Amino acid sequence: MSSGENKEPLIIGVYAESDEELSAVGYMVKSIRNFGGKLQNAPIWVFVPSDFAILMEQVRAKFQNLPGIEVFQCEIPKDSRAYNYAGKTFASGEAERMAAGKAKVLVWLDSDTIFLNEPVELLLPDGILLGYRPIMHNRSGTLYGREPIPFWKQVYNVLGIEEGKFFPMTTAVDRVDVNPYFNAGIIAVRPEAGILTKWGKDFKRLCNDSVLAEMCRENVTWRIFLHQAALVGGILNTIEQPQMAELPDKYNYPLFFDRMFGADRPYNDISDAITIRYEYFFRKPDSGWEKELVGDPIRIKWLKDNLEPNKVNIGSGE
C-alpha cells in the first residue's frame with residue numbers, strides 16, 4: 001500500500017513478553033471487536049521477543065479465534081533488558097517501520113488496555129503527527145519551570161534536549177504541571193514521522209550512559225521509568241509542539257487508580273471512557289468492585305465476565 005486511499009485508517013500495535021501479557025492482549029482484542037464501532041475491525045499486530053520462551057505456534061493458537069491479529073517476533077538487545085519495559089521501545093520501532101505506507105496512524109498500546117467505545121480521536125487530524133496522554137502522576141518528572149533534578153539533567157544532556165522545547169504538561173491524576181512527560185501506554189503516531197524508531201534508539205543511548213546506569217542502580221523508580229524518559233527525546237527531538245495533540249482524558253482512563261497507587265478522588269466512572277487501563281487490579285480484585293462502577297451496565301458486565309477470573313498484566317502507575 002502506498003497511496004493514502006489504500007492505507008488502513010488505523011493499525012494497533014502491542015508488545016507482550018509473557019503468557020500473562022498475551023492473555024491481556026486477548027481481552028484488548030475482544031474489547032475493540034465489541035465496542036470499537038467503525039474501528040472495531042482495525043488490524044492488531046502483536047510483537048513478542050525473538051527468544052520468547054513460548055513457542056510461536058502456541059502464541060498464535062491463543063488468538064486463532066480472534067480475527068485480524070498478526071504475531072511478529074522482534075529483536076530486543078540483551079544489554080537493555082536489565083531495564084523495565086525495554087522490549088516495547090524496540091518493538092514499537094519495528095511496528096512503526098512496518099506500518100509506514102500501510103497505515104495512516106499506528107497506535108501503540110500497553111497490553112492492559114480495554115476499549116469501551118469507538119476511538120475516533122486516534123484518527124489524527126491533518127498536520128498532527130502524534131496523539132498522546134500525559135503521565136498519570138508525577139513520581140519522577142520535573143515540575144515545569146523548576147530546575148531539573150540530576151536524573152533529568154543527565155537525560156536531557158545525553159539526548160540533547162534543549163530547554164526551549166519544554167512546555168507545561170498537566171499530569172492526568174494529580175494535576176501538576178511538569179516538563180513534557182508522555183505516557184508510554186498509549187501513543188498514536190504517523191508512522192512516517194519516525195517517532196517510535198527514535199524512541200528505541202534514545203532508550204539504548206540512555207542505557208549505555210554510565211552516569212544514568214549508576215543512578216538507576218541506586219533508584220528503582222528511575223530504573224523503572226527510563227523507557228518513558230527516552231520517549232521524551234524520541235518526541236521532542238523529532239517533531240514540534242504544534243504537531244502534537246493531547247488526547248482527551250477519556251483515553252487511558254486509569255480504572256481504580258486510587259486503590260492501587262493513591263489519588264485524591266476515585267476512578268470508578270467509565271461513563272465516557274473510550275479506553276481504560278487496569279494495571280494489576282484484576283489479579284486480586286476487591287469483592288463487589290463492579291457495584292462501585294458508574295457507567296453502562298453492559299460494559300460493566302463485560303469487564304466482570306472477561307477480566308475478573310483472570311490474571312492480567314502488571315503495570316507501573318506512572
Side-chain angles (χ1 to χ4, degrees), residues 14-18 21 47-53 73-97 108 110-112 132 134-144 146-166 169 171 178-185 187 194-238 261 279-280 313-318:
V14 61
Y15 176 73
E17 59 183 14
S18 69
E21 289 178 348
F47 292 82
V48 299
S50 58
D51 57 353
F52 203 35
Q73 291 178 295
C74 57
E75 293 294 328
I76 311 299
K78 287 185 169 58
D79 58 357
S80 299
R81 293 189 181 187
Y83 295 93
N84 303 65
Y85 310 111
K88 67 182 182 181
T89 70
F90 299 104
S92 71
E94 181 66 20
E96 184 178 66
R97 290 186 288 274
W108 187 254
D110 274 359
S111 60
D112 65 317
Y132 70 88
I135 58 169
M136 295 296 187
H137 62 182
N138 186 31
R139 290 179 59 187
S140 60
T142 293
L143 293 175
Y144 182 72
R146 302 281 185 86
E147 180 74 12
I149 61 175
F151 170 78
W152 278 100
K153 278 187 177 179
Q154 188 65 11
V155 168
Y156 296 151
N157 178 58
V158 172
L159 300 183
I161 302 173
E162 299 176 354
E163 186 176 349
K165 293 182 178 290
F166 297 160
M169 183 178 292
T171 57
V178 295
N179 283 350
Y181 200 3
F182 306 88
N183 195 302
I187 312 165
I195 293 168
L196 301 181
T197 300
K198 185 71 162 57
W199 182 19
K201 292 178 179 177
D202 281 353
F203 180 69
K204 193 168 181 61
R205 288 171 67 188
L206 296 184
C207 291
N208 291 337
D209 182 74
S210 60
V211 175
L212 284 171
E214 181 60 29
M215 288 181 174
C216 289
R217 275 192 289 270
E218 296 176 354
N219 188 309
V220 65
T221 299
W222 295 340
R223 184 167 71 249
I224 290 172
F225 293 113
L226 190 69
H227 75 292
Q228 203 157 244
L231 182 59
V232 175
I235 293 172
L236 295 187
N237 285 337
T238 305
F261 306 109
E279 303 275 354
Y280 60 79
N313 179 39
I314 281 189
S316 60
E318 186 163 50

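Just the heavy atoms: all of them, side chains too, but no hydrogens, waters or symmetry mates, feed the values below. Everything numeric here is computed off the predicted structure, so don't read it as measured data.
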Heavy-atom check, side chain of Phe90 versus side chain of Pro77, under 4.5 Å:
yes
Quick check: do Val155 and Val232 have side-chain heavy atoms less than 4.5 Å from each other?
no
If I compare all heavy atoms of Lys165 with all of Pro180, which pair ends up nearest, and what's the gap?
O-CG, 4.4 Å
Please name the pair of heavy atoms, one in Ala91 and one in Ile76, separated by the smallest distance, quoted to 0.1 Å.
N-CD1, 4.5 Å
Would you name the heavy atoms of Met169 and Pro134 that are closest together and state the gap between them?
CG-CB, 3.6 Å
Say whether, by atom type as modelled, one donor and one acceptor occur between the side chain of Asp209 and the main chain of Val211 under 3.5 angstrom.
yes
Quick one: are Arg223 and Asn84 in side-chain contact, heavy atoms under 4.5 Å?
yes
To the nearest 0.5 Å, atom CD of Glu21 lies from atom CG of Asp110 at 8.5 Å
Beyond-backbone contact of Phe182 with Trp199, side-chain heavy atoms, under 4.5 angstrom:
no
Identify the two heavy atoms, one from Glu75 and one from Ser50, that lie closest to each other, and give their separation to 0.1 Å.
OE2-OG, 3.1 Å
Sorted by chain and number, sequence neighbours left out, side chain to side chain contact (heavy atoms under 4.5 Å, CB included) with Thr197 holds for Glu96, Arg97, Lys201
Does any N or O in the side chain of Asn237 come within less than 3.5 Å of the main-chain N or O of Leu159, such that one atom is a donor and the other an acceptor?
yes
Roughly how far, to the nearest 0.5 Å, is NZ of Lys88 from NE2 of His227?
4.0 Å
Glu162 meets the salt bridge (Lys or Arg N to Asp or Glu O under 4.0 Å) criterion, sequence neighbours left out, with none
Restricting to side chain to side chain donor-acceptor pair (under 3.5 Å), what partner residues turn up for Lys204, sequence neighbours left out?
Asp79
Hey, are the side chains of Asp112 and Tyr280 touching, using non-hydrogen atoms and a 4.5 Å cut-off?
no
The ring pair (Phe, Tyr, Trp, His ring centres under 6.0 Å) partners of Trp222 (sequence neighbours excluded) come to Phe151
Counterpart residues, side chain to side chain donor-acceptor pair (under 3.5 Å), relative to Ser80 (two or more places apart):
none
Measure the spacing between CD1 of Ile149 and CG of Asn219 and express it to the nearest 0.5 Å.
8.0 Å
All heavy atoms of Leu226 vs all of Cys216, minimum pair found to be CD1-SG, 4.3 Å
With ring-ring contact (aromatic ring centres under 6.0 Å, His included) as the test, would you mind laying out the steps for Trp152 and Tyr156 before giving the verdict?
CA-CA 6 Å; Trp152 278 100; Tyr156 296 151; 5.5 Å; yes
Should Phe261 and Met136 count as side-chain neighbours, where that means a heavy-atom distance under 4.5 Å?
no
Are Phe52 and Phe47, when compared by the centres of their aromatic rings, separated by less than 6.0 Å?
no
How would you list, by chain and number, every residue that makes a salt bridge (Lys or Arg N to Asp or Glu O under 4.0 Å) with Glu214, sequence neighbours excluded?
Arg217
List for me each residue that meets salt bridge (Lys or Arg N to Asp or Glu O under 4.0 Å) alongside Glu17, sequence neighbours excluded, and say none if there are none.
none
With rounding to the nearest 0.5 Å, note down the distance linking CD1 in Ile187 to CG in Leu231.
4.5 Å
Considering all heavy atoms, the nearest Ile224-Tyr85 contact
O-CD1, 3.7 Å
Are Ser140 and Tyr181 linked by a side-chain donor-acceptor pair shorter than 3.5 Å?
yes
What pairs with Lys198 under salt bridge (Lys or Arg N to Asp or Glu O under 4.0 Å), at least two apart in sequence or on another chain?
Asp202
Sequence neighbours excluded, which residues qualify as ring pair (Phe, Tyr, Trp, His ring centres under 6.0 Å) partners of Tyr15?
none
Does Gln228 reach the main-chain N or O of Ala184 with its side chain, forming a donor-acceptor pair under 3.5 Å?
yes
For Tyr83, all residues meeting ring pair (Phe, Tyr, Trp, His ring centres under 6.0 Å), sequence neighbours excluded:
none
Sub-4.5 Å side-chain heavy-atom contact between Tyr144 and Val178
no
Report the residues that fulfil side chain to side chain donor-acceptor pair (under 3.5 Å) with Lys153, sequence neighbours left out, ordered by chain and then residue number.
Glu147
Where at least one partner belongs to residues 224-233, residue pairs that pass salt bridge (charged side-chain N to carboxylate O under 4.0 Å, His left out), sequence neighbours excluded
none
